[in-house]
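Inspection log for the structure reproduced underneath, given as structure tokens.
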Amino acid sequence: MTDCLFCKMVHGEIKPRMVLETDELIAFEDINPQAPTHVLVVPRKHIATPNDIGSEDTALIGKLVLAARKIAAERQLSESGYRLVMNCNRGGGQTVFHIHLHLLGGRQMTWPPG
Ligand code: AMP
Ligand code: ZN
């Protein structure tokens, strides 16, 4: 756990540009933004990948989505639209092994993603 970048943010050892903090999650600006809005929503609980989400975590995952939606609304993205992404393992593009929801918006998203 000590080697986990996002656990260090949760514990205040590394200070990202914080957007939102609750008792169960934090949200902060991605350091390498892929869109005008690129926020990561991260549970305080260390869960390595989506494969490791348990049935006891279902409410927590819902809270990640609601937090992302709230941030999108604050940035006037609700109507224009935005994208929520959770990558799983290397093949899915995951590089930080503590689950997180990407909130991307402020530009036209394309499909399929790269
Ligand atoms: P993923 O590839 O889905 O695991 O996403 C990891 C994300 O974390 C990438 O978009 C990175 O740009 C972002 N990231 C890595 N290090 C930091 C950091 N120190 N502060 C903020 N975002 C970071
Ligand atoms: Zn962690």
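Numbering of ligands and ligand atoms starts at 1, following listing order. Only a predicted model underlies this, so the values are computations on that prediction, with no experimental measurement involved.
- With hydrogens and angles ignored, the 3.5 Å screen pairs a side-chain donor or acceptor of Gln94 with a backbone N or O of Ala48.
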Given Arg44 and Glu21, is the salt bridge (charged side-chain N to carboxylate O under 4.0 Å, His left out) satisfied, shown in steps? CA-CA 10 Å; Arg44 290 187 185 274; Glu21 291 184 78; 3.7 Å; yes
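- No donor-acceptor distance shorter than 3.5 angstrom exists from the side chain of Glu13 to the backbone of Lys8, with no hydrogens or angles considered.
- A side-chain contact (heavy atoms from CB on, under 4.5 Å) with Thr37 is found for one member of Leu103, Leu104, Asp30 and no other, namely Leu103.
- The CG atom of Leu40 sits 12.5 Å away from atom CG of Leu25, with the distance rounded to the nearest 0.5 Å.
- The angle His46:ND1 - the Zn ion (ligand 2) - Cys7:SG amounts to 110°, with values rounded to 10 degrees.
- His98 contributes atom ND1 as its closest N/O/S atom to the Zn ion (ligand 2).
- Residues Leu5 and His98 are not in side-chain contact: their nearest non-hydrogen atoms beyond the backbone lie 4.5 Å or more apart.
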So what's ligand 1 close to, N/O to N/O, under 3.5 Å?
unit_1	atom_1	unit_2	atom_2	d
ligand 1	2 (O)	Gly93	O	2.8
ligand 1	2 (O)	Thr95	N	3.3
ligand 1	2 (O)	Thr95	OG1	3.0
ligand 1	3 (O)	Asn87	ND2	2.8
ligand 1	3 (O)	His100	NE2	2.9
ligand 1	3 (O)	His102	NE2	2.8
ligand 1	4 (O)	Thr95	N	2.7
ligand 1	4 (O)	Thr95	OG1	3.3
ligand 1	4 (O)	Val96	N	3.0
ligand 1	4 (O)	His100	NE2	3.0
ligand 1	5 (O)	His100	NE2	2.9
ligand 1	5 (O)	His102	NE2	3.3
ligand 1	10 (O)	Asp30	OD1	3.3
ligand 1	10 (O)	Asp30	OD2	2.5
ligand 1	12 (O)	Asp30	OD1	2.5
ligand 1	12 (O)	Asp30	OD2	3.4
ligand 1	22 (N)	Ile31	N	3.2

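- Across His46 and Cys7, no two heavy atoms sit closer than the pair ND1-SG, 3.5 Å.
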